[in-house]
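Worksheet: the structure to be examined is printed underneath.
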Amino acid sequence: MNQQPQNHQNMQTGTVPPQLNHGGHEMFDVHEVLSGAINTIDTYTMLSGHVQDPELRDILQRQKQFMTEEYNITLECFKSGMDPSQPTKSYKMKQGNDFVYGVKPSQPKKPMQSAAELTDECISLSMLNAVKSGATMKTNAAMESTNPVVRRVLADSLPNCIEMAYEISLYQNKHGYYQVPQLSQQDMQHIQNSYAAAVIQPQMPGKMTH
């Protein structure tokens, strides 16, 4: 990031030190991000002992380790207001990108009556919901952040949330936990063909009028 020295001012108190270079909305929203990250990591920890499928366990462990490192980076720059000691990394999933489309009948879903009913399907859904929730909170916080480093760290972490959610949904789809309906080819083509490319107008030289 290589943040340049900033001279931020508060109209009542004067110069703002780097560690306090945060607006009110940013403080509250990043607080939600950090609390949510802890809750997600804790959720992964609690679920890890109940996972049956080695593939799902591998996804859970890799995502949990990455989330923990990302949490530490976010916390570091939030406390200091400066560049963290290491840049935000990019999460890489192991899954392929092949979805199976279509819906077939399955047993109706209903709430569990006891923890003994906990399955890999339930665990993967809890993981997916936690990651999606984190993406929403990070987006909101990034849009409210005045500190340039915190804003960039949050923005850089969003693709990781998307990648993790995609990895989980691919796993669910492969095992029949997440079915993806499709429109007919005719309907898809109708929607695709209902848009046309925009014409990009060249900028005209000349002076602006007042």
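In this chain, residues are counted from 1 in sequence order. Quantities reported herein were computed from a predicted structural model and do not represent experimental measurements. Quick note: numbers below take in every heavy atom, side chains included, and nothing from hydrogens, waters or symmetry partners.
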Output the distance between atom [atom1] ([X]) and atom [atom2] ([Y]), rounded to the nearest 0.5 Å.
{"X": "Thr136", "Y": "Lys132", "atom1": "OG1", "atom2": "NZ", "value": "9.5 Å"}
{"X": "Gln63", "Y": "Met93", "atom1": "CD", "atom2": "CE", "value": "10.5 Å"}
{"X": "Tyr171", "Y": "Lys94", "atom1": "OH", "atom2": "NZ", "value": "14.0 Å"}
{"X": "Tyr91", "Y": "Met164", "atom1": "OH", "atom2": "CE", "value": "5.5 Å"}
{"X": "Thr45", "Y": "Leu60", "atom1": "OG1", "atom2": "CG", "value": "8.0 Å"}

Evaluate whether atom NE2 of His190 has more than 12 neighbouring non-hydrogen atoms of other residues, nucleotides or ligands under 6.0 angstrom away.
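It does not: His190 NE2 has 12 such atoms or fewer within range.
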Under 6.0 Å from the CD atom of Glu55, do we count more than 12 heavy atoms belonging to anything else shown?
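Yes, because the 6.0 Å sphere around CD of Glu55 holds more than 12 heavy atoms from other groups.
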How does the hydrophobic cluster around [X] look, that is, which other residues are in it when side-chain heavy atoms under 4.5 Å mark a link?
{"X": "Met143", "value": "none"}
{"X": "Ile191", "value": "Leu183, Met188"}
{"X": "Ile200", "value": "none"}

Sequence neighbours left out, cut at 3.5 Å: what donor-acceptor pairs do the side chains of residues 96-118 make with other protein atoms?
residue : atom : partner : partner atom : Å
Ser114  : OG   : Ala116  : N            : 3.4
Glu117  : OE2  : Gln113  : N            : 2.9
Glu117  : OE2  : Ser114  : N            : 3.3

Donor-acceptor contact present, side-chain [X] to main-chain [Y], <3.5 Å:
{"X": "Glu76", "Y": "Ser85", "result": "yes"}
{"X": "Ser124", "Y": "Glu121", "result": "yes"}
{"X": "Asp120", "Y": "Gln52", "result": "yes"}
{"X": "Ser145", "Y": "Asn147", "result": "no"}
{"X": "Ser169", "Y": "Tyr166", "result": "yes"}
{"X": "Asp58", "Y": "Pro54", "result": "no"}

Please name all residues satisfying ring pair (Phe, Tyr, Trp, His ring centres under 6.0 Å) with Tyr178, sequence neighbours left out, ordered by chain then number.
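Scan of Tyr178 (ring pair (Phe, Tyr, Trp, His ring centres under 6.0 Å), adjacent residues dropped) gives none.
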Please report the closest heavy-atom contact between Val149 and Cys77, naming both atoms and the distance.
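Scanning both residues, the minimum pair turns out to be CG1-CB, 3.8 Å.
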When you look at Phe78 and Val153, which way does the side chain to side chain contact (heavy atoms under 4.5 Å, CB included) test go after all the steps?
CA-CA 10 Å; Phe78 183 55; Val153 168; over 6 Å; no
Ion pair present between Arg62 and Glu167, side-chain N to carboxylate O less than 4.0 angstrom?
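Judged by the 4.0 Å cut-off on N to carboxylate O distance, Arg62 and Glu167 do form a salt bridge.
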Under a 4.0 Å N-O cut-off, is there an ion pair linking Arg57 with Asp53?
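Not counted as a salt bridge, because no side-chain N and carboxylate O are separated by less than 4.0 Å.
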For Ser126 and Asn129, run side-chain hydrogen bond (donor to acceptor under 3.5 Å, both in side chains): C-alpha distance rounded to whole Å, both residues' side-chain angles, the deciding distance at 0.1 Å, then the answer.
CA-CA 5 Å; Ser126 295; Asn129 288 338; 5.9 Å; no
A side-chain contact here means heavy atoms from C-beta on lying under 4.5 Å apart; do [X] and [Y] qualify?
{"X": "Asn160", "Y": "Thr88", "result": "yes"}
{"X": "Lys92", "Y": "Ser90", "result": "yes"}
{"X": "Gln172", "Y": "Ile168", "result": "yes"}

Following the transitive rule for hydrophobic clusters with a side-chain heavy-atom cut-off under 4.5 Å over Ile, Leu, Val, Met, Phe, Trp and Tyr, establish whether Tyr71 and Met67 coincide in one cluster.
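Both belong to a single hydrophobic cluster.
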Examine Leu75 and Ile38 and state if one hydrophobic cluster contains both, with Ile, Leu, Val, Met, Phe, Trp and Tyr joined whenever side-chain heavy atoms are less than 4.5 Å apart.
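They do share one cluster, since a chain of ILVMFWY contacts under 4.5 Å joins Leu75 to Ile38.
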Any residue meeting side-chain contact (heavy atoms from CB on, under 4.5 Å) with Leu158, in chain and number order, not counting sequence neighbours
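Partners of Leu158 under the side-chain contact (heavy atoms from CB on, under 4.5 Å) test: Lys138, Thr139.
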